[in-house]
Structures are given as C-alpha cells and as structure tokens.
Amino acid sequence: MNQYVKHTADVEIEVSGRTLQELFTKSLEAMCDILKQDGCKNITHFDCSVRVVVSANDCTGLLIDFLSEVLSLSNIQKSLFCNVYFSELTENNLEAQLFGIWFDHFDKEIKGVTYHEARVKKNDNNNWETHIIFDI
Amino acid sequence: MKKVEKADIRKIEDYLWEIPKSFRNNMQVPAWILANEILLDDILEDRSLNQLVNVACLPGIKKASLVMPDVHEGYGFPIGGVAATSYPNGAISPGGIGYDINCGVRLLVSQLQIEDIKDQLENLVNELNKEIPTGLGKGGNIRLTQEEMDNVLAIGAEWAVEHGYGTREDLEYIESKGKLADAVPKAVSTMAKNRGHDQLGTIGSGNHFVEVSHVTEVFDDSIAETYGLKKGQVTVMIHTGSRGLGHQVATDYIRLMMTAMAKYGIKMPDRELACVPFDSPEGQDYFKAMCAAANYAWCNRQLITWEARNAWATIFGREKSSLKLVYDVAHNIAKIETHSIDKELQKVIVHRKGATRAFGPGSDELPQNYIETGQPVIIPGSMGTFSYVLAGTSKSHELTFGSCCHGAGRNLSRTAAKKVVNAPILKKELQEIGILVEGSYRGIAEEAPIAYKDIELVVDTVTSSGIAKKVAKLRPVAVIKG
C-alpha cells in the first residue's frame with residue numbers, strides 16, 4: 001500500500017518495494033490510481049500494449065522518466081496502463097512492455113511527474129523507497 | 001536542509017520581508033516575501049520559503065528571488081514565485097514556469113446586468129457546459145492536422161481569429177497580443193503535439209474553470225470605465241492553460257536540462273530547478289518551445305471565448321451576445337523584459353510561476369487605451385469567494401519586476417480538503433447563496449473555498465504595498481469546474 005503524504009498543492013506519495021521491479025511497479029500502480037481511482041481493479045482483459053525503453057543517469061531519474069513516459073502514453077492513447085512486464089531493469093536502463101485498458105476520461109489530470117523530493121534509495125529494512133510528487 | 005523560520009526573516013518595509021543572502025552560502029541574492037504578517041505566519045507553515053531560498057541560487061539571478069502573498073509550496077519553484085536572471089547568459093529554468101505553460105486568466109464583460117440573467121442562469125450554465133468541454137481526456141471539437149498545429153504554435157490566438165473564432169480587436173487585449181514571436185514549432189516534440197492535437201477549446205481539470213460573475217463594487221471609477229466595467233455588470237472569467245501539450249514540453253525539457261546542466265558546471269539544490277544558460281543551445285530550444293506552448297494556450301483561451309460567446313448567443317440572442325475581452329494574462333511564463341535594477345535599466349529573463357504580470361502606466365506593451373491606467377491584473381478567488389480586477393502600477397516595476405499575485409493561493413492540500421469538505425452539502429450551500437457550481441464532487445471538494453487563503457488579505461497586501469490598485473470586485477454566480 002502506498003502512503004499519501006501531505007502536500008499543499010499537489011499529490012505526494014511514498015512508495016517502497018523489496019526489489020527495484022516492485023518499486024517501479026508500485027509507483028506505476030499509484031499513478032494509475034491517481035488518474036482513475038480503482039481503474040485497474042478487476043481487470044479481465046487488456047485493450048492495448050506498448051513497449052517503452054528509458055535510460056537515465058541514475059535510478060531516481062529512471063523512475064521519474066519512466067512514469068513520465070507512461071503518463072504521456074496514457075494521455076495520447078487514452079489508456080490506463082495497469083500492468084507492466086520488465087524485460088530489463090537496471091539502475092540506469094529499462095525496457096518494458098505496458099498493458100493497458102482504454103478509458104474515455106480519467107478522474108484527475110496529472111500535469112507532470114516531478115523530480116522534486118524523489119530519491120530512490122535503500123532504507124534500513126533493505127527495501128527500495130522514494131517519495132514522488134505529481135503536479136496536479 | 002534547515003527549514004526557514006521566522007527568526008531568519010527580517011522586515012524591510014511594510015509588507016516586504018527578507019531572508020538575507022547569508023542564510024545559506026549558495027544563495028546568489030536575498031529572498032523577498034511580499035506579505036502582511038498574518039499571511040507570513042501562514043506561509044511559514046509549509047516549505048515554500050525553503051523553495052524560495054533554492055530559487056535564490058539560480059545562476060545569474062538578479063536583485064532577489066520573490067514570492068507573492070498567495071505563495072504556496074510547489075516543486076522546485078514555489079507557486080507564486082518570481083525570478084529574473086541576467087540576459088542573455090543567466091539561467092532559464094522550466095521549473096520556474098511550471099508544467100502548465102501559460103496557464104492564465106481572461107476576463108470578458110457582457111452588456112447585461114445581473115438582474116437580466118438571473119432567470120436564465122441555469123440554462124446558461126447548461127449551455128456553457130454543452131459548449132465547453134471540461135475534464136481530463138475530454139477532446140475538443142477541433143482536430144488539428146500537423147500543419148495546422150504548427151501554425152497554432154507559431155501564431156497563437158491569431159490562428160483562432162484567422163479561422164473565425166474571434167475578432168482582430170480581441171488580439172489587442174491579450175498579453176503580448178496572444179503571440180510570442182520567438183516560438184518555433186519544431187522545438188516542440190511529436191509527443192507534445194500528439195497530446196495537444198485534440199485539446200484546443202478545452203478547459204481540462206484541477207483548478208481550471210469558467211465562471212460567470214457580476215461586478216459588486218467599483219473602487220476606481222475612472223480605471224473601471226476604461227476597462228469597460230460597471231457595477232452590476234455580468235462578466236465571464238476563463239482559467240486554463242496549454243493542456244497536455246504544455247505539460248509535455250516541460251517534461252521533455254526538464255529531462256534534457258538535468259543532463260545538460262553538468263556541461264555548464266551548474267549544480268542546483270533541487271532537480272526540479274534544472275536550468276541552463278539562456279543563450280545555450282538547450283536554453284534556446286526550451287525558450288522557443290515554451291513560447292510555442294504559450295501561443296497554444298492563448299489560442300486555447302480564444303477558442304473557449306468563442307464557445308462561451310456561442311452559449312451566450314443561444315441563451316440571450318445574438319443582439320445581446322457581445323462578450324468583450326477586458327484582458328488576458330499569463331501567470332506561468334518566462335519573458336524577456338527590461339527592468340530597473342541597481343538604478344540601471346537591464347534586460348532580464350523574468351520567470352513567473354503562479355504570478356501575474358502587472359505592468360503600470362506608460363508601458364508600450366499595453367493596448368493603447370490602457371497605457372494611462374496600467375494593465376488589468378485579474379485575480380480569481382475560489383469558487384465561493386470574490387475575485388478582483390486590479391491595475392498594475394509603476395511600483396510593481398520597482399519592486400517585483402512588474403509582477404503581482406495570481407489568485408488566493410492554496411492553504412489546504414487536496415487530500416485534506418476532501419477530508420473536511422462534504423461536496424454535495426457544499427454545492428447546496430453555495431446554491432443557497434446564489435452560486436451554481438457544476439463539476440464532479442471530487443473536484444468541488446478539492447477546490448472548496450476552505451482550501452484557499454483569504455483573498456481579501458492577499459489583495460489587501462498587494463494593493464497596500466503599492467504594486468497594484470483595486471479597480472473592481474466580482475462575485476461569482478455560476479462556476480463550471482474543470
């Protein structure tokens with residue numbers, strides 16, 4: 001379960017995962033939930049699939065750039081990408097297949113996925129964690 | 001990083017406070033806060049002043065980083081922030097403009113009095129709702145081809161007028177006449193153009209809206225007359241920006257600048273303040289793309305004006321359908337302007353993020369009939385409170401690089417607002433005091449009046465400090481939420 005953190009204007013979440021893959025997947029799920037609350041619940045099929053390739057200087061940049069890429073695709077394809085399969089995921093590169101369902105409209109408009117406060121790091125429990133602020 | 005506390009701040013003059021440059025060793029200039037003491041105490045509650053200190057670290061920043069009294073925490077720059085950097089080699093930072101490039105407000109006036117529309121208000125709201133697409137993902141009725149998109153990006157509101165969605169006179173009453181000449185469509189990515197191809201003429205969601213109001217009070221008869229405002233008159237206010245196209249331009253260039261910064265030896269305390277020298281290839285590309293996105297936003301507000309005029313004509317008839325444009329102001333933008341700094345006129349890159357240009361009398365940037373009054377500064381309140389029309393003054397040039405506040409400013413997060421607001425009850429309460437609100441319950445709760453600062457305090461601060469003058473007060477009667 002992702003934690004919502006107090007932020008005056010935007011939506012800030014705290015995400016953690018045992019692996020990088022889990023962190024990235026949970027971050028994607030959180031973004032989908034902001035776009036369309038419970039939009040990914042009880043999905044029985046997918047309408048579309050897209051491949052994404054992202055590179056960045058570090059893991060934080062990679063996560064934010066990945067979410068930004070998915071957000072752009074969600075807006076263009078009017079799809080909620082509820083599922084992801086990572087064929088490659090390192091601290092600097094990823095290659096993934098996204099699976100989505102079409103939506104006429106979302107609940108909320110996310111203007112941008114920001115780098116502000118984002119810092120992917122390992123916590124004391126050896127889990128990966130970060131904060132993410134979405135500009136709403 | 002040490003949080004800014006009241007003890008770190010000193011009063012320079014009434015309504016102006018300073019965090020000295022010595023607060024942190026990487027500050028290039030001091031940080032200034034325009035606020036009265038009550039608002040200052042509020043502002044200290046969140047992290048906006050730490051963000052303001054970070055802005056004071058921008059390479060080439062001049063005089064001071066500034067926040068207006070409606071400031072609240074953003075990401076990178078605080079919302080309500082102003083920063084001017086030296087031209088041509090000071091920093092340009094997409095974070096200083098924001099994701100919604102040229103988000104702004106336009107005000108239209110009708111020839112009708114509030115008594116003339118009372119019986120038709122519900123029909124008017126339904127018609128506005130029908131004409132103006134709102135909400136996320138809602139496409140408009142216009143689908144741009146690639147060539148048309150490039151034209152919109154190049155000439156902004158002029159494209160709308162050329163295609164019959166407005167008049168030449170409208171263009172006179174838009175900041176920069178609705179077109180930034182430095183726009184270059186090819187600096188805008190295909191992804192951004194794809195996001196924008198069906199969104200012209202749409203409001204979007206969040207805090208965007210179309211509002212029908214009426215003038216309840218006139219403070220300056222002469223300026224109000226020049227602006228075409230009189231007591232009882234019905235107005236329409238439009239608040240939106242560059243939609244997905246602008247969001248994508250910001251995303252693309254923040255990503256690019258994060259990598260490019262190292263090349264110029266720039267390190268910033270926050271990644272969202274990623275910046276490069278304005279005259280670098282990356283800086284120039286961003287500026288050209290930002291100008292193009294700003295043009296898209298002006299074209300968008302022009303199309304919404306056309307939609308609002310259609311709705312007006314359907315309800316009140318063509319002969320009473322005149323909705324005249326008072327002015328259109330941007331509040332998320334960067335502009336090349338000349339200001340007096342250290343008693344010398346200097347060209348600077350002014351970043352305004354949640355701040356409105358407020359040029360005073362004499363500026364050749366203004367329409368001919370506003371040159372003696374200064375420009376209209378449109379300050380929307382929340383959906384249940386008053387809005388204001390102010391006039392820019394020469395003091396704004398001296399103090400704030402010709403800038404003013406842009407609204408009431410949030411003081412509750414959206415999540416907190418949803419926890420304390422019962423949207424159906426709020427909607428009913430507003431209706432009981434004569435304000436119709438259309439929108440999702442979630443949107444109504446998030447944008448409830450309680451989530452915003454007291455607009456009276458914000459407006460009193462900017463007018464008492466002398467950077468703007470009160471002209472008229474508007475009371476909402478119907479709000480269509482994005």
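Convention: sequence-line order gives letters A, B, ...; per-chain numbering from 1.
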Using only atom types and a distance under 3.5 Å, with no angle test, would you say the side chain of [X] pairs donor to acceptor with the backbone of [Y]?
| X | Y | result |
| --- | --- | --- |
| B:Ser189 | B:Ala192 | yes |
| A:His116 | B:Glu272 | no |
| A:Thr114 | A:Ile133 | yes |
| B:Lys353 | B:Gly95 | yes |

* Asked: Salt bridge between B:Arg47 and A:Glu12, side-chain N to carboxylate O under 4.0 Å?
  -> yes
* Asked: Got a salt bridge between B:Glu447 and B:Arg410, using NZ or NE/NH1/NH2 to carboxylate O under 4.0 Å?
  -> yes
* Residues of residues 47-63 of chain A under 4.5 Å from chain B (heavy atom pairs)? -> A:Asn57, A:Asp58, A:Thr60, A:Gly61
* Mind checking which of residues 81-89 of chain A sit less than 4.5 Å from chain B, heavy atom to heavy atom? -> none
* Non-hydrogen atoms of chain A under 4.5 Å away: do they reach the side chain of B:Thr251, the backbone, both or neither? -> side chain
* Asked: Where does B:Arg442 contact chain A at under 4.5 Å (heavy atoms): side chain, backbone, both or neither?
  -> side chain
* Less than 6.0 Å separating the ring centroids of B:His239 and B:His406? -> no
* Asked: Around A:Lys121, counting heavy atoms of other residues, nucleotides and ligands shown, do more than 12 lie under 6.0 Å from its NZ?
  -> yes
* Part of A:Gln77 lying under 4.5 Å from any heavy atom of chain B -> neither
* **Min side-chain heavy-atom separation A:Ile101-A:Leu80 under 4.5 Å** => yes
* Does B:Asn102 reach the side chain of B:Asn300, with side-chain heavy atoms less than 4.5 Å apart? -> no
* To do: State whether a side-chain donor-acceptor pair under 3.5 Å links A:Asp107 with A:Gln37.
  => no
